[in-house]
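Worksheet for the structure shown next.
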Number of protein chains: 2
Amino acid sequence: MKLISRNTDYAVRAVCYIARQDKSIVSVAELVKALEIPRPFLRKILQVLNKKRILISNKGSGGGFKLARKVDKIFLTELMEAFQGPFKLNECTFKKDLCPNRKFCWLKNKIDIIEDTVLSELSTMTIDSILKEK
Amino acid sequence: MKLISRNTDYAVRAVCYIARQDKSIVSVAELVKALEIPRPFLRKILQVLNKKRILISNKGSGGGFKLARKVDKIFLTELMEAFQGPFKLNECTFKKDLCPNRKFCWLKNKIDIIEDTVLSELSTMTIDSILKEK
DNA sequence: ACAAATGATACTAATATGGTATCATTATCG
DNA sequence: CGATAATGATACCATATTAGTATCATTTGT
Ligand code: FES
Ligand code: FES
């Protein structure tokens with residue numbers, strides 16, 4: 001069970017890299033070279049980031065990607081949700097589909113609490129805070 | 001991302017069911033009927049629980065499974081580890097194998113903290129506590 | 001001895017994750 | 001303008017993990 005999947009991980013690195021550059025716009029070519037991530041895979045990732053408006057893409061010659069916002073406004077949870085879907089540590093499917101016990105199930109309730117804890121820990125983490133420690 | 005996999009989930013139900021019975025020993029047949037879990041799959045799960053000494057099996061006619069310990073000594077984390085392996089929310093694989101940054105990586109450290117939190121939450125949960133709420 | 005149970009083990013199916021390939025679209029610049 | 005350098009969209013493939021099945025061996029109570 002991993003909290004951060006590969007594409008989230010790559011996405012974090014890519015966004016951090018872009019944030020560290022002086023020039024605001026960075027091409028895939030440069031990112032591939034710097035991060036050693038397979039090019040087509042990275043492209044797919046960047047396209048998602050663009051759609052989610054975390055990065056903004058510029059097409060055409062001299063194009064590339066730039067941050068859509070300041071680094072302290074880009075949250076790790078956004079990246080995680082973009083690639084790993086919304087947080088649901090739980091989702092009991094006892095007896096197919098959504099379990100009738102859900103409302104009263106102690107196990108589920110406990111896990112919901114854990115989910116909240118994790119989420120609140122994660123929600124303090126921005127690209128800014130990650131960069132500051134490097 | 002799920003915290004509890006299907007077989008852990010099934011295992012919890014099975015152990016709870018056994019715990020609730022008056023007779024201590026319960027056959028697979030009965031469990032299948034009560035829990036509606038596919039028989040061969042449940043058998044495999046019970047075999048694991050036996051190997052991990054969470055349940056104890058009795059072969060032969062009239063055999064079945066019984067708890068190896070009192071319900072307040074059976075921890076959810078044990079079941080999770082039995083089926084999902086040890087906790088490792090993390091495991092950065094930047095630049096293959098174990099990343100050189102590991103020691104100092106802020107992201108990793110933060111996630112380690114989350115892992116500890118999750119673990120300490122989970123480690124309060126026993127079969128006993130789950131039963132009490134039903 | 002035989003039937004009723006679990007043990008061991010190998011196999012298959014479904015899903016999720018990680019990664020590729022291809023062509024279309026857009027923007028810059030000579 | 002039109003070639004070229006970039007990303008957008010999309011469909012596909014590979015690998016790993018999870019879920020589930022099937023079969024035969026072993027043990028035990030009557
Ligand atoms: S048994 Fe379904 S939510 Fe707990
Ligand atoms: S970059 Fe490898 S542990 Fe953080």
Side-chain angles (χ1 to χ4, degrees), chain A residues 1-11 13-14 18 23-33 35-66 68 80 82-86 88 91-94 96, chain B residues 1-11 13-14 18 23-33 35-66 68 80 82-86 88 91-94 96:
Chain A
M1 181 197 41
K2 274 197 295 194
L3 197 59
I4 308 257
S5 74
R6 197 95 132 225
N7 26 20
T8 306
D9 192 350
Y10 287 169
R13 299 182 206 290
I18 293 171
K23 61 187 165 209
S24 69
I25 198 154
V26 180
S27 71
V28 172
E30 184 177 343
L31 287 165
V32 166
K33 209 166 166 188
L35 306 174
E36 303 182 66
I37 296 169
R39 187 190 167 94
F41 193 32
L42 179 58
R43 289 225 310 133
K44 200 162 70 170
I45 290 167
L46 293 169
Q47 284 178 12
V48 172
L49 292 173
N50 172 52
K51 271 192 191 148
K52 299 276 176 182
R53 298 279 101 176
I54 291 164
L55 296 181
I56 289 176
S57 71
N58 279 208
K59 283 180 167 186
S61 164
F65 294 82
K66 64 183 174 197
M80 293 181 67
F83 296 101
Q84 307 177 40
K88 254 168 206 143
E91 281 330 315
C92 163
T93 52
F94 188 33
K96 304 285 176 191
Chain B
M1 181 197 41
K2 273 197 295 195
L3 198 59
I4 309 258
S5 75
R6 195 96 132 224
N7 26 20
T8 305
D9 193 350
Y10 286 169
R13 299 182 206 290
I18 294 171
K23 61 187 165 208
S24 71
I25 198 153
V26 179
S27 72
V28 172
E30 184 177 342
L31 286 165
V32 165
K33 211 167 165 188
L35 306 174
E36 302 182 66
I37 295 169
R39 187 191 167 91
F41 194 31
L42 179 58
R43 291 226 308 133
K44 201 163 69 171
I45 289 167
L46 292 169
Q47 284 179 11
V48 173
L49 292 174
N50 173 53
K51 271 191 192 149
K52 299 278 175 180
R53 298 279 102 175
I54 291 164
L55 296 181
I56 288 175
S57 71
N58 279 208
K59 282 181 168 186
S61 163
F65 294 82
K66 64 185 175 195
M80 293 180 68
F83 296 101
Q84 307 177 39
K88 254 166 208 145
E91 282 331 315
C92 160
T93 51
F94 189 33
K96 303 287 177 190

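First the proteins, then the strands, lettered A, B, ... as listed; each starts at 1.
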Separation of dT17(C) atom P from I4(A) atom CD1, nearest Å, is 14 Å
Identify, residue by residue, the members of residues 48-55 of chain B with a heavy atom below 4.0 Å from DNA chain D, and return them in order of residue number, or none.
-> none
NZ (K66(A)) and OG (S24(A)) are apart, to the nearest 0.5 Å, by 5.5 Å
Rounding to a whole Å, what distance do you find between Q84(B):CD and dA16(C):P?
-> 16 Å
Nearest heavy-atom approach of L42(B) to A14(B) is CD1-CB, 4.3 Å
Separation of atom CD in Q47(A) from atom P in dG19(C), rounded to whole Å = 16 Å
Protein and nucleotides 12-19 of chain D: nitrogen or oxygen contacts under 3.5 angstrom:
unit_1	atom_1	unit_2	atom_2	d
dA19(D)	OP1	R6(B)	N	3.2
dA19(D)	OP2	R6(B)	N	3.4
dA19(D)	OP2	N7(B)	OD1	3.4

Where the side chain of N7(B) meets the backbone of F83(B), is there a donor-acceptor pair that is under 3.5 Å apart?
-> no
What is the distance, rounded to the nearest whole Å, between atom CZ of R39(A) and atom P of dG8(D)?
-> 12 Å
Within the structure shown, what part of the strands sits under 4.0 Å from P40(A) by heavy-atom distance: base, sugar-phosphate, or nothing?
-> base
Roughly how far, to the nearest 0.5 Å, is CZ of R43(B) from CG of L31(B)?
-> 12.0 Å
Passing candidate, side-chain hydrogen bond (donor to acceptor under 3.5 Å, both in side chains) with N50(A), options K52(A), R53(A), Q47(A) | R53(A)
Taking all non-hydrogen atoms of both residues into account, name the closest pair between Q84(B) and I4(B) and its distance.
-> NE2-CA, 3.5 Å
Could you give the CG-to-P distance, from D9(A) to dG19(C), as a whole number of Å?
-> 11 Å
Extract from the structure each pairing of a protein N or O with an N or O of nucleotides 22-30 of chain C at less than 3.5 Å, listing the distance.
unit_1	atom_1	unit_2	atom_2	d
dT26(C)	O4'	K59(A)	NZ	3.1

Length of the line joining E30(B):CD and dT6(C):P, which is rounded to integer Å | 11 Å
Nearest-angstrom distance from the residue atom CG of L42(B) to C1' of dG20(D) = 12 Å
CZ-CD1 distance between R13(A) and I45(A), expressed to the nearest 0.5 angstrom = 10.5 Å
From E30(A) atom CD to I18(A) atom CD1, the distance as rounded to the nearest 0.5 Å | 9.0 Å
Can you tell me if the side-chain N/O atoms of S27(A) get under 4.0 Å from OP1 or OP2 in dT7(D)?
-> no
Looking only at heavy atoms, the pair that brings K2(A) and K88(B) closest together is CG-O, 4.2 Å
Are L49(B) and F65(B) side-chain neighbours, meaning at least one heavy-atom pair lies under 4.5 Å?
-> no
With L46(B) as reference, evaluate I54(B), V26(B), L55(B) under the side chain to side chain contact (heavy atoms under 4.5 Å, CB included) test and give the passing residue.
-> L55(B)
Check the distance between dT7(D)'s C1' and I25(A)'s CD1 and give it to me in whole angstrom.
-> 10 Å
